[in-house]
Number of protein chains: 2
Amino acid sequence: MNVEKRGCLSTPVKHSLVLDGEKGELVKACGRVGKRNGVSATKTVEALRSHSEAERRRRERINAHLESLRGLVPNNEKMDKATLLAEVVSQIKQLRETASQASEGLHIPMDTDEVKVGRVENHSGDGSFLLMASLCCEHWPDLLSDVRQVMKSLPVQVVKSEVSTLGSRVKIAFLITSVEGDDGVVGLVRAALSDIVEKFSALAESAEQLFIPRKRQRVSCIDSSSNLFE
Amino acid sequence: MNVEKRGCLSTPVKHSLVLDGEKGELVKACGRVGKRNGVSATKTVEALRSHSEAERRRRERINAHLESLRGLVPNNEKMDKATLLAEVVSQIKQLRETASQASEGLHIPMDTDEVKVGRVENHSGDGSFLLMASLCCEHWPDLLSDVRQVMKSLPVQVVKSEVSTLGSRVKIAFLITSVEGDDGVVGLVRAALSDIVEKFSALAESAEQLFIPRKRQRVSCIDSSSNLFE
DNA sequence: ACTGACACGTGACGC
DNA sequence: TGCGTCACGTGTCAG
């Protein structure tokens with residue numbers, strides 16, 4: 001067995017004192033007591049009693065949370081403690097997946113940087129092409145200005161834009177048209193947007209590395225960090 | 001104690017046999033063995049050993065799920081088993097809330113000005129109140145700056161903000177928290193946001209009245225007018 | 001009879 | 001030191 005072993009298993013048997021019954025009573029002193037059964041015995045049994053009570057409190061706390069978890073999974077009752085936990089972990093994973101899926105269409109920023117550019121179906125066959133572009137990254141003070149400037153420099157026209165924040169993350173989505181129908185413009189937009197998110201990555205790497213070891217907050221979904229309107 | 005009690009607590013002490021050591025060895029027979037220590041003893045110790053091994057397997061299963069849960073909460077390591085479970089239940093509740101929230105509010109700007117402020121259910125009972133606020137109005141150049149400034153002056157903290165545009169209309173939605181639980185802050189936020197939309201109405205009334213009779217575009221959902229990044 | 005699941009008390013370890 | 005947390009073995013009940 002390669003796992004670390006703690007607890008009483010690796011030690012020689014003791015079981016000197018046994019506490020039992022509704023009230024703490026010393027029942028057995030099977031091993032060598034060694035010394036007299038005077039005041040030290042009562043002290044020992046009292047310590048033992050408080051110990052077991054503390055342990056019972058801990059168990060009650062854990063089981064209370066476990067029961068409150070039972071109320072959150074679909075098949076709440078009559079479930080193994082282990083399978084309940086398994087159900088909980090799958091529930092969390094599924095919730096995260098659906099949350100991120102909902103954010104696909106709803107533009108909720110995730111915790112990973114990304115740039116996506118794709119062509120939408122031609123909306124009216126008038127030679128112009130419709131593109132859907134989005135970038136997701138950390139927010140920094142001049143992000144919107146930079147984005148504005150970059151988009152102005154591209155041979156596209158922004159039809160609709162939507163910026164949403166979640167904590168310190170920000171996602172900006174565009175609906176843009178381009179008269180140049182080839183795929184070159186797709187790569188162009190993607191490169192420009194990638195430049196922006198990489199610009200921040202490089203900018204952050206220099207300062208972040210000291211006092212923010214690896215915060216990487218997972219999707220805890222509502223947090224109180226900075227946002228666009230700070 | 002009114003809870004059902006199971007296990008060895010309510011029974012007189014037994015501890016007839018004790019299994020210990022790396023391999024199962026019978027160490028002590030403290031109580032009355034009663035019968036001979038013949039084949040029945042070896043059978044008993046074998047049963048005891050398989051029992052403890054099964055229990056260890058069960059523990060390992062539970063702890064494995066617990067560890068995989070640790071990987072899903074934000075502060076994964078060095079956390080109490082109980083507080084870990086508490087964190088998990090709050091995580092699930094928050095994920096459900098945000099999931100339901102994401103599905104309901106599409107945040108598409110309408111063509112009528114409006115300000116909505118409402119209280120969301122307490123998200124974790126930690127005294128802070130969660131508010132949902134949104135305003136919808138025409139877009140003008142300094143709208144975002146004004147909103148930013150107003151929100152900064154309020155005794156609230158913006159947790160999430162989302163701005164979407166449709167044509168020349170813009171809708172800005174906030175998820176904000178406030179430590180002051182009374183309804184005063186609701187009115188405060190509503191008044192501040194109403195100030196903003198009225199500010200534009202007054203500003204527009206002076207100039208608009210001549211050359212923009214009644215544009216009133218309906219919800220044609222994707223159009224190519226001005227946007228936030230123009 | 002046997003297995004799995006639970007609660008309990010207890011030793012070890014950390015602060 | 002004492003208090004809290006953990007893993008362990010064990011008694012006990014249900015299927």
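- Under the side-chain contact (heavy atoms from CB on, under 4.5 Å) criterion, A/Gln149 pairs with no residue at all, not counting sequence neighbours.
- With A/Leu193 as the fixed residue, the side-chain contact (heavy atoms from CB on, under 4.5 Å) test singles out one of A/Met151, A/Glu114, A/Glu198: A/Met151.
- Aromatic stacking of A/His51 on C/dT10: satisfied, with centres closer than 5.5 Å and planes within an angle under 30 degrees.
- Side chain A/Arg59 to base C/dG9: a donor-acceptor pair is found below 3.5 Å.
- Which of D/dT5, D/dC8, C/dG9 sits closest to the side chain of A/Arg56 comes down to C/dG9.
- A/Lys78 places its NZ atom 11 Å from the P atom of D/dA14, with the value rounded to the nearest Å.
- Listed nucleotides: C/dC6, D/dG11, C/dG9. Nearest to the side chain of A/Arg70: C/dC6.
- Atom C1' of nucleotide D/dG4 and atom CD1 of A/Ile62 are separated by 11 Å, given to the nearest angstrom.
- Rounded to whole Å, atom C1' of D/dC13 lies 14 Å from atom CD of B/Glu55.
- When every heavy atom of B/Cys136 is checked against every heavy atom of B/Val197, the shortest pair comes out as O-CG1, 4.4 Å.
- Straight-line distance from the CD atom of A/Glu60 to the P atom of C/dC8: 7 Å, rounded to whole Å.
- Annotation: proximity of residues 80-87 of chain B to DNA chain D (heavy atom, distance under 4.0 Å) is found for B/Asp80, B/Lys81, numbered in ascending order.
- At whole-Å resolution of the value, CG in B/Leu66 and P in D/dC6 are 9 Å apart.
- The two atoms that bring A/Asp113 and A/Cys137 nearest to each other are OD1-CA, 3.4 Å, heavy atoms only.
- Between A/Arg56 and A/Glu53 there is no salt bridge, since no side-chain nitrogen of the basic residue lies less than 4.0 Å from a carboxylate oxygen of the acidic one.
- Heavy atoms only, all atoms of each residue included: A/Phe174 and A/Leu135 are closest at CE1-CD2, 4.3 Å.
- With rounding to whole Å, B/Arg49 atom CZ is found 16 Å from D/dC8 atom C1'.
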Please table the atom pairs, donor to acceptor, closer than 3.5 Å between any side-chain atom in residues 80-91 of chain A and protein atoms at least two apart or in another chain.
from    : atom 1 : to      : atom 2 : distance (Å)
A/Thr83 : OG1    : A/Asp80 : N      : 3.2
A/Thr83 : OG1    : A/Asp80 : O      : 3.0
A/Ser90 : OG     : A/Glu87 : O      : 2.9

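- Remark: P of C/dG9 and CZ of A/Arg57 are 12 Å apart, rounded to the nearest angstrom.
- Rounded to whole Å, the distance from CZ on B/Arg58 to P on D/dA14 is 16 Å.
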